[in-house]
K.L.:
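Handing you a structure now.
Convention: sequence-line order gives letters A, B, ...; per-chain numbering from 1. Values below: every heavy atom of this structure, side chains too, minus hydrogens, waters and symmetry copies.
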Amino acid sequence: MALRFYNTLTQRIEEFTPAHDNVVRMYTCGPTVWNFAHIGNLRTFTFVDILRRWLHARGYQLDHVMNITDVDDRIIQQALAAGKSLDEFTEVYTAAFLEDSAALRLERPEHLVRATRHIQEMAAAIQKLSEKSYTYQSEGSIYFRIAKFPEYGKLSHADFSGIRAGARVDTDRYEKDNARDFALWKAPKEGEPSWDTVIGRGRPGWHIECSVMAMKYLGETLDIHAGGVDLTFPHHENEIAQSEALTGKPFSRFWLHCEHLILSGEVMSKSLGNFLTLRDLLGQGFHPEAVRFMLASVPYRKKLNFTMDSMRSAEQAVERLRNFKLRLDTEKFSEGVNESLLESTRQALSRFDEALDDDLNTAEALAAAFELVREANSAMDAGEFHAANTQPANEFLARFDTVFDVLRPTGKETGIGDAEIEALIAERNQARQSKNFARSDEIRGQLHGLGVILEDTKEGTRWKRR
RNA sequence: GGCGCGGUAGCCAAGUGGUAAGGCAGAGGUCUGCAAAACCUUUAUUCGGGGGUUCGAUUCCCCCCCGCGCCUCCA
């Protein structure tokens with residue numbers, strides 16, 4: 001079956017192909033750089049990465065824009081409190097975000113764009129919306145009038161026609177005609193950053209940046225727009241309203257939303273104070289690949305229940321896969337081929353592909369991988385894994401790793417080179433021969449301290465870094 | 001109240017109208033100088049509860065219970 005995704009817009013699973021040629025035009029909402037990203041944020045970015053990689057594996061080229069929101073209320077507030085300029089302040093967290101992304105092996109989008117570098121374009125877009133009478137001014141700010149956009153609500157599937165301010169909507173705070181109207185442009189305030197533009201001095205509202213930057217780099221209709229579920233409303237709904245009011249064309253054909261990461265029964269969030277950063281986990285000794293595995297292993301439309309156990313579990317699971325790879329690379333297999341295993345390998349591959357085609361079912365894809373690992377291990381144990389089975393197995397792992405990318409350990413400065421390790425192992429084996437177990441255990445312990453783990457097998461000692 | 005998601009073994013978690021994937025942990029075993037590491041085997045008569053449809057439901061329908069999210073800044 002073909003590649004298909006659940007589209008929030010239609011609430012259905014739909015077959016996906018790009019609208020034009022072979023290029024997928026995709027926009028995903030990136031971080032607001034006012035703090036470190038927590039692993040809930042990173043889950044969404046990992047989902048985007050898996051999406052990218054799978055589209056790529058399926059033969060598509062990518063033209064992907066991710067924004068960095070570097071101006072909004074929280075940022076301004078924090079920067080002010082820190083006594084820093086907006087740029088000085090956001091630079092720190094932008095760099096941190098890029099570091100985290102690199103640690104998690106998230107592919108870099110073709111365009112990583114910053115809101116503050118597109119202020120004039122936003123102003124121009126707002127001006128155009130005003131010319132089309134989609135806006136009104138109030139106390140120096142400019143609002144989008146949703147009553148002018150009848151399709152408002154089509155993404156979140158809510159009916160906003162019977163307009164009534166909800167009990168929890170603070171109607172006093174803004175001078176708005178309708179509680180759901182949203183700010184396109186905010187009046188300048190003393191001590192806050194603002195820009196001079198064709199529509200006057202001020203700063204942009206949150207939603208306009210995505211519409212403007214998406215269309216600037218990708219055109220009026222995107223193939224895919226993705227982000228976290230909590231952005232569905234109002235952010236993405238507002239993006240649709242603005243963009244489609246502007247162009248009269250559908251803003252995006254597909255809308256994909258990643259579910260939340262849950263910690264102790266609640267959504268991980270800064271405001272609840274129950275958040276963990278990647279740095280926290282790495283500080284506890286977890287490997288970045290294990291974090292990546294943990295985040296990728298639960299299909300994106302399911303809530304991910306985070307526990308320290310799930311972290312340890314991920315760590316072990318990655319190790320199991322690597323051990324298999326190590327065996328494949330180091331053991332000597334007799335000539336010939338195990339036909340039945342060859343067939344299993346083929347089946348594992350098609351099961352893997354089919355799973356990811358099915359709205360990125362990563363759990364199912366992993367099951368295909370682990371089942372093959374077990375079968376191949378059993379064959380190896382029984383001496384029924386033959387030389388000609390090596391390449392197909394390696395090809396499977398290569399396919400697996402183009403998406404999951406966890407097999408290669410993140411290089412650490414262990415302070416010991418391969419040759420040195422080999423030499424110590426040779427010395428240890430001599431010591432073992434002469435029953436000098438004190439010395440052999442000493443070497444084992446020494447290497448262990450350097451993150452090198454020895455495995456004594458029938459075929460001799462092999463080692464791996466951990 | 002509106003919209004949406006979910007409740008499957010100790011934990012995480014797939015899945016299908018035809019009799020429960022996978023990972024971790026646990027138990028047993030193989031290997032080993034001892035270990036470690038690794039590998040293998042094993043672990044839910046049962047899928048929140050109650051009805052219904054069906055030859056057959058965890059999977060479809062109805063009701064109920066529980067948890068969560070969005071509806072306000074939020075990945």
Side-chain angles (χ1 to χ4, degrees), chain A residues 8 11 28-32 34 37-48 69 72-74 153 156-160 162 166-170 173 179-180 206 226-235 237 257-262 265-272 275 293-294 297-321 323-324 326-327 351 355 358 361-371 373-374 376-378 380-382 432-433 435-437 440-441 444-445 448 453-458 461-464 466:
Chain A
T8 307
Q11 296 181 299
T28 60
C29 289
T32 299
W34 67 291
H38 60 62
I39 57 173
N41 301 134
L42 294 172
R43 182 201 187 187
T44 296
F45 303 134
T46 303
F47 145 67
V48 168
T69 300
D72 87 328
D73 292 351
R74 285 172 304 181
S156 47
H157 302 98
D159 180 10
F160 296 107
R168 298 174 65 196
V169 173
D170 184 353
R173 201 161 133 208
R180 309 282 183 185
W206 173 36
V229 269
D230 47 358
L231 296 183
T232 310
F233 189 89
H235 185 53
E237 195 72 70
H257 290 101
C258 182
E259 255 297 349
H260 280 134
L261 181 147
I262 306 294
E266 285 180 314
V267 171
M268 180 171 289
S269 79
K270 301 262 169 65
S271 48
L272 288 171
F275 66 93
F293 183 96
M294 182 275 296
S297 60
V298 177
Y300 78 96
R301 282 201 297 129
K302 303 275 184 174
K303 290 180 178 65
L304 190 160
N305 210 340
F306 178 85
T307 62
M308 282 302 165
D309 263 353
S310 65
M311 232 6 272
R312 283 185 281 272
S313 170
E315 197 78 49
Q316 287 306 115
V318 168
E319 204 50 33
R320 177 166 167 81
L321 293 165
N323 286 328
F324 176 64
L326 184 69
R327 260 190 114 168
R351 184 179 167 198
D358 182 15
N361 189 339
T362 48
E364 174 70 16
L366 285 173
F370 280 107
E371 250 174 82
V373 166
R374 175 166 37 71
N377 270 326
S378 293
M380 286 177 184
D381 289 352
R432 291 175 74 205
Q433 292 262 305
K435 306 251 188 258
N436 182 358
F437 298 122
S440 81
D441 289 352
R444 183 169 68 195
H448 189 84
I453 293 175
L454 303 187
E455 292 181 20
D456 295 326
T457 73
K458 278 180 221 152
T461 304
R462 69 182 174 219
W463 62 275
K464 62 186 180 187
R466 194 167 184 185

K.L.:
State whether the side chain of A/S378 and the backbone N or O of A/R374 hold a donor-acceptor pair below 3.5 Å, judged by distance alone.
P.N.:
yes
K.L.:
Would you say the side chain of A/D358 and the base of B/rG15 hold a donor-acceptor pair, judged only by whether the two atoms sit under 3.5 Å apart?
P.N.:
no
K.L.:
Could you let me know what B/rC68 is paired to, Watson-Crick or G-U wobble, both distances under 3.5 Å, or none if it's on its own?
P.N.:
B/rG4
K.L.:
Could you give the distance separating B/rU43 and B/rG22 at their C1' atoms, to the nearest angstrom?
P.N.:
14 Å
K.L.:
Are any side-chain N or O atoms of A/S310 and backbone N or O atoms of A/F306, one a donor and one an acceptor, separated by less than 3.5 Å?
P.N.:
no
K.L.:
Pick base, sugar-phosphate or nothing for A/D456, based on heavy-atom distances below 4.0 Å to the nucleic acid.
P.N.:
base
K.L.:
Of the candidate nucleotides B/rC71, B/rG22, B/rA75, which contains the atom at the shortest distance from the side chain of A/N41?
P.N.:
B/rA75
K.L.:
Can you find a donor-acceptor pair, distance only, under 3.5 Å between A/R462 side chain and B/rA38 base?
P.N.:
no
K.L.:
Measure the OG1-CZ distance between A/T461 and A/R432 for me, rounded to the nearest 0.5 Å.
P.N.:
5.0 Å
K.L.:
In whole angstrom, what separates A/Q316's CD from B/rA38's P?
P.N.:
7 Å
K.L.:
B/rC70 P sits how many Å from A/R180 CZ, rounded?
P.N.:
14 Å
K.L.:
Could you tell me which nucleotide pairs with B/rA27 by Watson-Crick or G-U wobble geometry, both distances under 3.5 Å, or answer none if nothing does?
P.N.:
B/rU41
K.L.:
What contact category does A/V267 fall into here, base, sugar-phosphate, or nothing, at under 4.0 angstrom with non-hydrogen atoms?
P.N.:
base
K.L.:
Nearest of B/rG33, B/rA75, B/rC5 to any side-chain atom of A/K303?
P.N.:
B/rC5
K.L.:
Return the value, rounded to whole Å, for the distance between atom CD of A/E455 and atom P of B/rA35.
P.N.:
17 Å
K.L.:
With sequence neighbours left out, what residues match A/W34 under side chain to side chain donor-acceptor pair (under 3.5 Å)?
P.N.:
none
K.L.:
Heavy atoms only, 4.0 Å cut-off, all strands: where does A/A158 land among base, sugar-phosphate and nothing?
P.N.:
nothing
K.L.:
Using purine N1 to pyrimidine N3 plus N6-O4 or O6-N4 for Watson-Crick, or N1-O2 and O6-N3 for G-U wobble, both under 3.5 Å, which nucleotide pairs with B/rC73?
P.N.:
none
K.L.:
Determine the Euclidean distance between corresponding C1' atoms of B/rC11 and B/rG26; express it in Å to zero decimal places.
P.N.:
11 Å
K.L.:
State which of B/rA13, B/rG33, B/rC40 makes the closest approach to the side chain of A/F437.
P.N.:
B/rG33
K.L.:
Give one of base, sugar-phosphate or nothing for A/E259, where a contact means two heavy atoms less than 4.0 Å apart.
P.N.:
base
K.L.:
Could you state the CH2-P distance from A/W463 to B/rA38, rounded to the nearest angstrom?
P.N.:
16 Å
K.L.:
Taking atom C1' of B/rG4 as reference, at what distance in whole Å does atom CG of A/D159 sit?
P.N.:
16 Å
K.L.:
Applying a 4.0 Å non-hydrogen cut-off, can you work out what A/N305 is touching in the nucleic acid: base, sugar-phosphate, or nothing?
P.N.:
sugar-phosphate
K.L.:
Quick check: do A/L321 and A/F324 have side-chain heavy atoms less than 4.5 Å from each other?
P.N.:
no
K.L.:
Can you identify which nucleotide, out of B/rA38, B/rG22, B/rA14, has its nearest atom closest to the A/K464 side chain?
P.N.:
B/rA38
K.L.:
Pair A/H448, A/I453 - check side-chain contact (heavy atoms from CB on, under 4.5 Å), show working.
P.N.:
CA-CA 6 Å; A/H448 189 84; A/I453 293 175; 4.2 Å; yes
K.L.:
What's the closest nucleotide to the A/M268 side chain, out of B/rA75, B/rA35, B/rA37?
P.N.:
B/rA75
K.L.:
Using a heavy-atom cut-off of under 4.0 Å over every strand shown, decide if A/L42 touches base, sugar-phosphate, or nothing.
P.N.:
nothing
K.L.:
Heavy-atom nearest nucleotide on RNA chain B for A/E371 versus A/E319: which residue maps closer to 5'?
P.N.:
A/E371
K.L.:
Of the options B/rA35, B/rA14, B/rA75, whose atoms approach the side-chain atoms of A/A363 most closely?
P.N.:
B/rA14
K.L.:
As an exercise, state the distance from CG of A/N41 to CE of A/M268, rounded to the nearest 0.5 Å.
P.N.:
9.0 Å
K.L.:
Report yes if a donor N or O on one partner sits less than 3.5 Å from an acceptor N or O on the other, where the partners are the side chain of A/S440 and the base of B/rG33; otherwise report no.
P.N.:
yes
K.L.:
Any idea how A/F275 and A/H38 line up, ring-wise: parallel (<30°), tilted (30 to 60°), or perpendicular (>60°)?
P.N.:
tilted
K.L.:
In whole Å, what is the span from the CZ atom of A/R320 to the P atom of B/rA37?
P.N.:
15 Å
K.L.:
Please state the P separation for the pair B/rG48 and B/rA37 - nearest whole angstrom.
P.N.:
37 Å
K.L.:
Is there a Watson-Crick or G-U wobble partner for B/rU32 with both distances under 3.5 Å, and which nucleotide is it?
P.N.:
none
K.L.:
Using Watson-Crick or G-U wobble geometry with both distances under 3.5 Å, which nucleotide pairs with B/rA21?
P.N.:
none
K.L.:
When we call it a touch if two heavy atoms are under 4.0 Å apart, what does A/H235 touch: a base, just sugar-phosphate, or nothing?
P.N.:
nothing
K.L.:
Inspect the contact between A/K464 and A/E319 and indicate whether a charged nitrogen and a carboxylate oxygen are less than 4.0 angstrom apart.
P.N.:
yes
K.L.:
Categorize A/G227 for me: base, sugar-phosphate, or nothing, with a 4.0 angstrom heavy-atom threshold over every strand shown.
P.N.:
sugar-phosphate
K.L.:
What integer number of Å spans the C1' atoms of B/rA25 and B/rA9?
P.N.:
12 Å
K.L.:
Give me the distance, rounded to whole Å, that separates B/rC62 from B/rC71 when you measure between the P atoms they each carry.
P.N.:
28 Å
K.L.:
Between B/rA36 and B/rA75, how far apart are the P atoms? Round to whole Å, please.
P.N.:
46 Å
K.L.:
Does A/T32 make a side-chain N or O approach to OP1 or OP2 of B/rA75 shorter than 4.0 Å?
P.N.:
yes
K.L.:
Which whole number of Å gives the distance between the C1' atom of B/rU46 and that of B/rG7?
P.N.:
15 Å
K.L.:
Which part of the nucleic acid does A/R374 contact within heavy-atom distance under 4.0 Å: base, sugar-phosphate only, or nothing?
P.N.:
sugar-phosphate
K.L.:
Report which part of the nucleic acid A/H260 touches: base, sugar-phosphate, or nothing (heavy-atom distance under 4.0 Å, all strands).
P.N.:
base
K.L.:
Could you tell me which nucleotide pairs with B/rU58 by Watson-Crick or G-U wobble geometry, both distances under 3.5 Å, or answer none if nothing does?
P.N.:
none
K.L.:
Contact class for A/K435 (heavy atom, under 4.0 Å): base, sugar-phosphate, or nothing?
P.N.:
nothing
K.L.:
In whole Å, what is the span from the CG atom of A/L304 to the C1' atom of B/rG6?
P.N.:
14 Å
K.L.:
Between A/F45 and A/N377, just flag the one whose closest nucleotide in RNA chain B comes earlier from the 5' side.
P.N.:
A/N377
K.L.:
At under 4.0 Å between heavy atoms, what does A/M380 touch on the DNA or RNA strands: base, sugar-phosphate, or nothing?
P.N.:
nothing
K.L.:
NA contact type, A/D72, heavy-atom cut-off 4.0 Å: base, sugar-phosphate, or nothing?
P.N.:
nothing
K.L.:
Looking at A/K302 and A/E259, is any side-chain nitrogen of the basic one under 4.0 Å from a carboxylate oxygen of the acidic one?
P.N.:
no
K.L.:
Quantified in whole Å, what is the C1' atom distance between nucleotide B/rC24 and nucleotide B/rU19?
P.N.:
27 Å
K.L.:
Please classify the nucleic acid contact of A/L326 as base, sugar-phosphate, or nothing, using heavy-atom distances under 4.0 Å.
P.N.:
nothing
K.L.:
Side chain of A/R432 only, heavy atoms from C-beta on: which candidate in B/rA21, B/rG33, B/rA13 is closest?
P.N.:
B/rG33
K.L.:
Mind calculating the distance between CZ (A/F293) and P (B/rA13) to the nearest angstrom?
P.N.:
13 Å
